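See below for the structure under consideration.
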Amino acid sequence: MPAEEIIRAAPDEIALLGELMKFLEVGELAFETPAGSRPMPDAIRQILKLSLAHLAEGGGIAVLPLGREVTPRQAAEILGVSRPFVVRLLKEGQIPSRTVGTHHRIALQDLLSYKRQVDEERRRALDLLARESEEMGAR
């Protein structure tokens, strides 16, 4: 993803982000229209909460439409893995893609679906390890 699409908070903004997160929990967001004040839609509130949480942790965010396609390099950034690893996943068919000439293109929705699946498998494996560890400790 081009660097200009990744948004990060400046170090001196981190404390302010925490205050904004608290305000979103209790404050009512509204905007003015010619017809008067209107409440902020819940979808926008959710986007703000998730974005602020990631930015406050020092991470970056990228806002991309789900219909967008990404390159293997961009997919690697999103997944936190190497580009060659993503190419291998594409060749194995683990992530659907299409080829434009010699270049792979991955639907962002397919990439995020793969990420959710892997994250869920990882969570289940960690839960199993935790249960087994507790059982071994109880013996």
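Given the structure is predicted, the values throughout are model-derived calculations rather than measurements.
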So which heavy atom on [X] is nearest to which on [Y], and how close?
X: Phe31; Y: Pro41; result: CE2-CD, 4.1 Å
X: Arg8; Y: Gly59; result: NH1-C, 3.7 Å
X: Leu55; Y: Ala9; result: CD2-N, 3.7 Å

Working for salt bridge (Lys or Arg N to Asp or Glu O under 4.0 Å), residues Glu135 and Arg131: CA-CA 6 Å; Glu135 288 173 7; Arg131 279 195 306 275; 5.7 Å; no
To the nearest 0.5 Å, how far apart are [atom1] in [X] and [atom2] in [Y]?
X: Met136; Y: Leu129; atom1: CE; atom2: CG; value: 11.0 Å
X: Met21; Y: Leu50; atom1: CE; atom2: CG; value: 10.0 Å
X: Arg73; Y: His103; atom1: CZ; atom2: NE2; value: 13.0 Å
X: Leu24; Y: Ile44; atom1: CG; atom2: CD1; value: 11.5 Å
X: Leu17; Y: His54; atom1: CG; atom2: NE2; value: 12.5 Å
X: Leu90; Y: Arg105; atom1: CG; atom2: CZ; value: 11.0 Å

Side chains of Leu112 and Leu66 in contact at under 4.5 Å (non-hydrogen atoms): yes
Residues, nucleotides or ligands: over 12 heavy atoms within 6.0 Å of Asp42 CG: no
Enclosure of Arg45 CZ (heavy-atom neighbours >12, cutoff 6.0 Å): yes
Shared hydrophobic cluster, Val87 / Val81 (ILVMFWY, side-chain heavy atoms < 4.5 Å): no
Positive for side chain to side chain contact (heavy atoms under 4.5 Å, CB included) with Ile106, one of Ile78, Leu89, Thr71, Val86: Val86
Trace of the side-chain contact (heavy atoms from CB on, under 4.5 Å) decision for Lys49 with Glu25: CA-CA 9 Å; Lys49 286 171 69 174; Glu25 293 298 324; 3.1 Å; yes
Heavy-atom donor-acceptor pair, Thr99 side chain to Thr102 backbone, under 3.5 Å: no
Ionic contact status for Asp127 with Arg123, cut-off 4.0 Å: yes
Pair Arg116 + Glu120, salt bridge at N-O below 4.0 Å: no
Verdict with supporting geometry, Leu29 and Leu48, side-chain contact (heavy atoms from CB on, under 4.5 Å): CA-CA 11 Å; Leu29 293 180; Leu48 289 172; 3.8 Å; yes
side-chain contact (heavy atoms from CB on, under 4.5 Å) between Tyr114 and Leu79, worked out: CA-CA 9 Å; Tyr114 170 82; Leu79 296 176; 4.1 Å; yes
